[in-house]
Amino acid sequence: MSEAAPAPEPKSLNFLEEIIEADLQSGRHQGRVLTRFPPEPNGYLHIGHAKSICLNFGLGRKYGGATNLRFDDTNPTKEDVEYVDSIREDVRWLGFDWAGEFYASDYFQQLYDYAEHLIRAGKAYVDDQSDEEIKRGRGNFYTPGTASPWRERPAAESLDLFRRMKAGEFRDGERVLRAKIDMQHPNMNMRDPLMYRIRHAEHHRTGDAWCIYPMYDYAHGCSDAIEGITHSICTLEFEDHRPLYDWFLEQDVEGKFFRKPLPRQYEFARLNLTHTVMSKRRLLQLVQERIVTGWDDPRMPTICGLRRRGYTPESLRAFAEKVGVAKRDMVADVALLEHCIREDLEARAPRRMAVLRPLKLVITNLSDAEAFEVELANHGERPELGSRRVPFTRELWIDRDDFREEAPKKWFRLAPGAEVRLRGAALVTCTEVLKDASGAVVELRGTWDPASKGGNAPDGRKVKGTIHWVSAAHALDAEVRLYDHLFLAEDPMDVPEGQDWHQGVNPSSLEVVRARVEPSLAEAQAGERYQFERTGYFAVDLEAKPGVLIFNRTAGLKDSWSKIEAKA
RNA sequence: UGGGGAGUGGUCUAACGGUAGGACAACGGAUUCUGGUUCCGUCAGGUGAGGGUUCGAAUCCUUCCUCCCCAACCA
């Protein structure tokens, strides 16, 4: 033991880690930790799922255990293989590997067998009531439920009926299998919940092998137990399903179906993000109503949307780590997410120059013959990332945002008579402003100081402003998609009386500009990420192809000038 | 009129009876050929409220308040 080493930071544990460590201490699961990520394959994963994925896989990894990917496919009418493929891809992209890939449907036979066992034990019965009657019989929060007339029917009769349900003798909705628990239970979930319903529907994996399908509450806990899951982690809304989760497993009194110790369910607060919606239903509406272009629209909080936007798996994992895990309802600030991607890309994204809103600047005292190339580092602080050569010529594009006809206070950029540095190239003074008939600025003229070639003034004069530029003759056209929050309000659901959340959509959540970018970007490949100096981080969109450059703004750089100006 | 949860700075999150800490945001300042980055600094008079126990309470007890979830043959 080295006593010289400083005491290791006692990294605090979240409540789940505390539970697991306590279980490890007590040897409850013989030192095993097995978690699972259990998506229903009925939609695309979003950043809330990413939190759950990082949590479950993170815990498995941290404690030397593992994590299963289990598709909760108990409802054939809503699920599809299309989704299982995308879910697999997203989990893998996030950087996780699952120990086993399972499906609740893998256990249909075992689930069925256990159901028969429960019927024989008098713990379940076939109910012939309609869904309306069942609903009525369940009572409500304030009044206890009443027993179904079929509740006390002999086990043999239920068994026969259940088998005939399985055999396909009845129509959808004609009968159900119910757990016999307690119709007066204060927890509605315990008032004889449904275990099976009839659905003559094609299942994406089992085809037409089954026409009865188990309900979530029955299937989920049993699946956990079958796989030997130790810690079954879900979100808060399942908290009052826990007694039912336990009930189903505890009915296996002789331990013939599940190995002990049984898994336990724990609940944490789901992720919410400011300026966006997260529910599958609302996300689907955004897609269907064409408010966004699809599930992978870069404005969507879906994993595929964030990926297309340019987010890295590392940044999403860092985000999940930073928001933490607890039991109080939470809304994370999207600024934290943006911080995470900036932090990641600041370190790794090669730098480039791109003029988003081009304005011509002609250097009147630079002849074509005097044009030159400058060598620019791909990353100021990381020389190992190399450099590239950029042509500097008489006619340049600069950003309109970098010119002001009337310079406000503290304005370091271009203005009539002002001198700025063109990054890495030269010092230039604006000498003339050309306008069209309407008075709009259409071109700038200026002169350069040949002694400043490379960007530094030989006399040591200070030039505070540095702007980016692109040689007009060499510039490449690019479509640049400037994304912003999808919703203006922090909480899109907090709308004034008489309005609905659709009206809160940010009308400028997407602005498309025709940009001019430096020639080194010619071969940019879909998925690559760059920092466009002074503007932001951009990723090449998946629709880009040779000769067609499309960039998505992942996140803007922090902009302290806009703050200075806002205050003035 | 039921049941289940939760309340710590603008936002997340720690503190497990012993000086309320961190991150993000915000705000100053230094450095800078990105108004970026980096660095340094400021920012809670107190943990929903009241009462109690204790030498000492965010942590224990108690009363109250507020918020969230639950009455699909969805998950």
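Numbered from 1 within each chain, the chains take letters A, B, ... in sequence-line order. Computation of the quantities below employed the complete heavy-atom set of this structure, encompassing side-chain atoms and omitting hydrogens, waters and symmetry-equivalent molecules.
Residue A:Val331 is in sugar-phosphate contact alone, with no base atom involved, counting any heavy-atom pair closer than 4.0 Å across all strands shown. Base engagement by A:Asn456 is indicated by at least one non-hydrogen atom pair under 4.0 Å involving a base atom. Counting any heavy atom pair closer than 4.0 Å across all strands shown, A:Asn75 reaches sugar-phosphate atoms only and no base atom. Among the atoms of the strands shown, base atoms are found under 4.0 Å from some heavy atom of A:His241. Contact annotation for A:Gln129: base contact, defined as any heavy-atom pair under 4.0 Å involving a base atom. If you check every strand for non-hydrogen atoms under 4.0 Å, A:Val323 touches sugar and phosphate atoms only. At the heavy-atom level, A:Thr77 lies nowhere under 4.0 Å from the strands shown. A:Arg351 comes within contact range of at least one nucleobase, with a heavy-atom separation under 4.0 Å.
Side-chain proximity of A:Arg197 to B:C69, B:C73, B:A26: nearest is B:C73. If you check B:G35, B:C24, B:G2 against the side chain of A:Thr466, the one that comes closest is B:G35. Minimum atom distance to the side chain of A:Arg413 is reached by B:G35, of the listed B:G2, B:G36, B:G35.
Heavy-atom distances to RNA chain B give each of A:Ala335 and A:Ala425 a nearest nucleotide, and the one nearer the 5′ end belongs to A:Ala335. Residue A:Ala269 is the one, among A:Ala269 and A:Gly465, whose nearest nucleotide of RNA chain B lies closer to the 5' end (criterion: closest heavy atom).
For B:C70, neither phosphate oxygen OP1 nor OP2 lies less than 4.0 angstrom from any side-chain nitrogen or oxygen of A:Asn189. Between A:Lys322 and the phosphate of B:U13, there is no side-chain N or O to OP1/OP2 separation shorter than 4.0 Å. When the side-chain nitrogen and oxygen atoms of A:Lys78 are compared with OP1 and OP2 of B:C73, none of them lie within a distance under 4.0 Å. The side chain of A:Lys558 contributes an N or O atom lying less than 4.0 Å from OP1 or OP2 of B:U37. Between A:Thr274 and B:U11, a side-chain N or O to OP1/OP2 separation shorter than 4.0 Å is absent. For B:A75, the OP1/OP2 oxygens have no side-chain nitrogen or oxygen of A:Lys280 closer than 4.0 Å. Between B:C74 and A:Arg199, a contact under 4.0 Å exists linking OP1 or OP2 to a side-chain N or O. Contact between the side-chain N/O atoms of A:Ser12 and the OP1/OP2 oxygens of B:G22 is not found at any separation under 4.0 Å. Between A:Arg136 and B:A71 there is no side-chain polar atom (N or O) within less than 4.0 angstrom of OP1 or OP2. Between A:Arg138 and B:C73 there is a side-chain polar atom (N or O) within less than 4.0 angstrom of OP1 or OP2. Of the side-chain N and O atoms in A:His339, one or more sit less than 4.0 angstrom from OP1 or OP2 of B:C24.
With 3.5 Å as the limit, one finds a donor-acceptor pair spanning the side chains of A:Tyr125 and A:Asp192. Side chains of A:Glu132 and A:Ser130: no donor on one and acceptor on the other come within 3.5 Å. Side-chain atoms of A:Tyr44 and A:Glu82 include a donor-acceptor pair closer than 3.5 Å. For the residue pair A:Ser562 and A:Asp559, a side-chain donor N or O sits within less than 3.5 Å of a side-chain acceptor on the partner.
B:C39 and B:G29 make up a base pair, with Watson-Crick or G-U wobble contacts both under 3.5 Å. Partner assigned to B:G10 is B:C24, using Watson-Crick or G-U wobble distances below 3.5 angstrom. Base pairing analysis places B:G45 opposite nothing; no Watson-Crick or G-U wobble pair with both distances below 3.5 Å involves it. Partner assigned to B:C67 is B:G5, using Watson-Crick or G-U wobble distances below 3.5 angstrom.
Contact check on A:Glu237 versus A:Arg270 returns a salt bridge, with a Lys/Arg side-chain nitrogen under 4.0 Å from an Asp/Glu carboxylate oxygen. Here A:Glu565 does not pair with A:Lys409 in a salt bridge; the nearest charged N to carboxylate O distance is not below 4.0 Å. For A:Arg70 and A:Glu227, the salt-bridge test passes: some basic side-chain N is under 4.0 Å from an acidic carboxylate O.
Atoms CG (A:Leu271) and P (B:C12) sit 11 Å apart, rounded to a whole Å. Between A:Asp399 atom CG and B:G35 atom P there is a gap of 12 Å when expressed in whole angstrom units. Per the geometry, CZ belonging to A:Arg342 stands 17 Å off P belonging to B:A23, to the nearest Å. For the pair A:Tyr83 OH and B:A75 C1', the interatomic distance rounds to 15 Å; values are reported in whole Å. Distance OH (A:Tyr218) to P (B:C73): 18 Å, rounded to an integer number of Å. The CD atom of A:Gln531 sits 11 Å away from the P atom of B:G36 (whole-angstrom rounding). If you take NE2 of A:His46 and C1' of B:A75, they are 12 Å apart, rounded to a whole angstrom. A:Glu346 places its CD atom 13 Å from the P atom of B:G35, with the value rounded to the nearest Å.
Lacking a ring centre under 5.5 Å from that of the base six-membered ring together with a plane angle below 30°, A:Phe141 does not count as stacked on B:U1. By the stacking rule of 5.5 Å between ring centres and under 30° between planes, A:Tyr216 does not stack on the base of B:A75.
An anti orientation is assigned to B:A58, its glycosidic angle lying beyond 90° of 0.
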Mind running ring-ring contact (aromatic ring centres under 6.0 Å, His included) on A:Tyr196 and A:Tyr218 for me, showing each step along the way?
-> CA-CA 8 Å; A:Tyr196 274 90; A:Tyr218 176 60; 5.7 Å; yes
